[in-house]
Amino acid sequence: MERYYQPEIECASREEIIRLQNERLVKQVRHVWDSVPYYRKKMEGKGLTPEDVHTIDDLCKLPFLSKSDLREAYPYGLMGKPVKDCVRIQSTSGTTGKRVVAFYTQHDIDLWEDCCARAITAAGGTNEDVCQVSYGYGLFTGGPGLNGGSHKVGCLTIPTSSGNTDRQIMFIMDLQATILCCTPSYAAYLGERMKEMGYGPDDIPLKAGIFGAEAWSEEMRHDIEKTLGIKAYDIYGLTELSGPGVAFERSAQQGMHINEDHFIAEIIDPVTEEVLPDGTEGELVFTSLDKEAFPLLRYRTRDICTLTREPCPCGRTHVRMGKPKGRTDDMLIIRGVNVFPSQIETVLINNGYAANYQIIVDRVNNTDTLDVRVEMTPEMFTDDIGDIQKMQKTLVEGLRSMLGLTAKVTLVAPKTIERSEGKAVRVIDRRKL
Ligand code: DLL
């Protein structure tokens, strides 16, 4: 039986959702105009005032916001409430430039935690469940968001945060955890470690995983599901919009429902900024509808995916997004060809490898080189040069047919590539571009 955390809104009619969005958008635009001079100036630059926005059809008139705006307005320039009304910040783990700092009122945190509670409920969670949250706690939104959602559902929450893998496993086994929340790469690592410790899928009490914060392939999902004996659900979100729970998956695992009572999603062509129809791949853009402290209008996420409004058998009526394929800024252009790390991952896993790999891009004599280092699994491990060459050749061919490019493949011994406890870093780009 399908369960919902807030059925009245998750399953509202399309007319009701649009009515709510119209009403909230008008209010949000007014709020931004009144309290965020940075965005007001952008609107004025386009000759707009709040009176120009009556319904969601007027959304396309509004200017975009991008990460560079967030950097320019850092730290307080996009705040929609005075400090005295805010209770929390969260921040991204960005490696370049200034971090993104997002602000929350208590109301914002409440809505964010509701979104995470919807995700946990859609994954089958109830107050009978023991939910281990192994996302990082602190500035990263993963831990705090799912912790709050888990409380709202009434699960017994184990706030392990990330790291200390053997202790994680001890808690899963001793407390009989049924739901695991962490990045997919950390779930894969936990699975690998549990296997080494002699736990098979039937010994592991987990029934569901809520995995997100990074792109992961369907093939990786199947691998994790097999090793841990669970159903692995995708969850999407970003700090700028609150954190995890902007969109979440349910049992059919056919796209993530976007919480449309809080966010409007659009897909645009990242180059021309033209809005694209449903089903077309492009950059995801979000407008927050009821955030107080950090209200963002038409924020460009850089995530590449598609939207569908086809009815979903689960009864939820909110638009669904496909699995993000990657980010425009993760996309590698190698010898002129666009390459997403997720495409490489698909080839590796389809050939029986686990998702332990590194992609090294360099430029030698003015030509881009693509080197994929991948670990052999313990089962396939060999030091016979002939066998290794054969395995490498199969991967080179698989990559060529997926990418249209020749890559160099290097097989390395099991456990030689560093594991990640949070978001995995898989690409090393040595080109000085
Ligand atoms: O990663 C929030 C989050 C925490 C989501 C836990 C899910 C679970 P940021 O650190 O701001 O926030 O990174 C946001 O991560 O723009 C995507 O590029 C990527 N991302 C998040 N979820 C997914 C997903 C959190 N399910 C950025 N699939 C986003 C693919 C994802 N990419």
Side-chain angles (χ1 to χ4, degrees), residues 65-67 70-71 89-102 104 112-113 115-116 118-120 122-123 131 133-150 161-162 179-187 209-218 220-221 224 232-250 253 255-259 263 265 270 283-286 294 296 299-306 320-331 340-343 345 355 420-427:
L65 273 174
S66 65
K67 206 148 201 156
L70 266 56
R71 293 213 173 101
I89 73 145
Q90 302 285 162
S91 174
T92 59
S93 48
T95 44
T96 51
K98 287 275 187 207
R99 282 168 167 261
V100 168
V101 173
Y104 304 74
W112 172 29
E113 292 179 350
C115 289
C116 290
R118 289 181 193 176
I120 294 171
C131 178
V133 183
S134 310
Y135 285 110
Y137 281 62
L139 289 170
F140 179 55
T141 53
L146 281 142
N147 190 89
S150 174
S161 192
S162 57
I179 299 179
L180 173 68
C181 306
C182 63
T183 58
S185 49
Y186 195 45
I210 302 181
F211 305 138
E214 62 186 1
W216 54 308
S217 59
E218 280 303 329
M220 186 166 174
R221 187 208 303 267
I224 297 173
Y233 296 88
D234 205 350
I235 182 167
Y236 170 88
L238 53 159
T239 313
E240 294 90 316
L241 294 176
S242 57
V246 170
F248 60 92
E249 216 172 34
R250 40 83 50 174
Q253 299 171 320
M256 294 180 267
H257 285 285
I258 295 173
N259 286 307
F263 307 102
E283 180 179 347
L284 196 50
V285 172
F286 280 108
F294 205 57
L296 298 185
Y299 180 64
R300 292 185 59 168
T301 63
R302 302 188 187 178
D303 291 319
I304 301 292
C305 74
T306 55
R320 275 174 292 158
M321 60 184 272
K323 238 180 182 331
K325 181 168 164 188
R327 298 170 54 83
T328 49
D329 45 359
D330 278 352
M331 187 183 78
F340 284 98
S342 58
Q343 295 173 296
E345 182 175 297
S420 143
E421 294 168 351
K423 298 187 192 229
V425 180
R426 296 206 159 106
V427 178

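Counting starts at 1 for both ligands and their atoms, following the listed order. Here, residue 1 is the first one in the sequence, and each next residue gets the next number.
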Notebook entry, point to check: For ligand 1, which atoms sit closer than 4.0 Å to a heavy atom of F140?
Noted result: 1 (O), 4 (C), 10 (O), 25 (C)
Check: For A213 and ligand 1, does the shortest N/O to N/O distance drop below 3.5 Å?
Finding: yes
Check: Closer than 4.0 angstrom: is that true for some heavy atom of K423 and an atom of ligand 1?
Finding: yes
Next item on the list: Report, in ascending order of atom number, the atoms of ligand 1 lying under 4.0 Å from any heavy atom of T92.
Entry: 11 (O)
Notebook entry, point to check: So, E218 and K323, do they make that salt bridge, N to O below 4.0 Å?
Noted result: no
Check: Less than 4.5 Å apart, any side-chain heavy atom of F211 and any of L180?
Finding: yes
Checklist line | Contacts of F286 that satisfy ring-ring contact (aromatic ring centres under 6.0 Å, His included) - sequence neighbours left out | finding: none
Check: Closest heavy-atom contact between Y299 and E240?
Finding: OH-OE2, 2.7 Å
Note to self: Would W216 count as a polar contact of ligand 1, with the cut-off being nitrogen or oxygen pairs under 3.5 Å?
What the structure shows: no
Next item on the list: Can you spot which of E214, R426, E421 makes a side chain to side chain donor-acceptor pair (under 3.5 Å) with S185?
Entry: E214
Next item on the list: Using heavy-atom distances, let me know which of P184, G237, C116, A215 sits nearest atom 14 (C) of ligand 1.
Entry: G237
Margin query: If you compare all heavy atoms of S162 against all heavy atoms of G136, which two are closest, and at what distance to 0.1 Å?
Written below: OG-CA, 3.8 Å
Check: Backbone or side chain, does any N or O of I235 fall under 3.5 Å from an N or O of ligand 1?
Finding: yes
Next item on the list: Mind checking salt bridge (Lys or Arg N to Asp or Glu O under 4.0 Å) for E113 and listing every partner two or more places apart, or none if nothing turns up?
Entry: none
Next item on the list: Report the part of T239 (side chain from C-beta onward, or backbone N, CA, C, O) that has a heavy atom under 4.0 Å from ligand 1; answer both or neither where that applies.
Entry: both
Notebook entry, point to check: What part of D303, side chain, backbone, both or neither, has a heavy atom within less than 4.0 angstrom of ligand 1?
Noted result: side chain
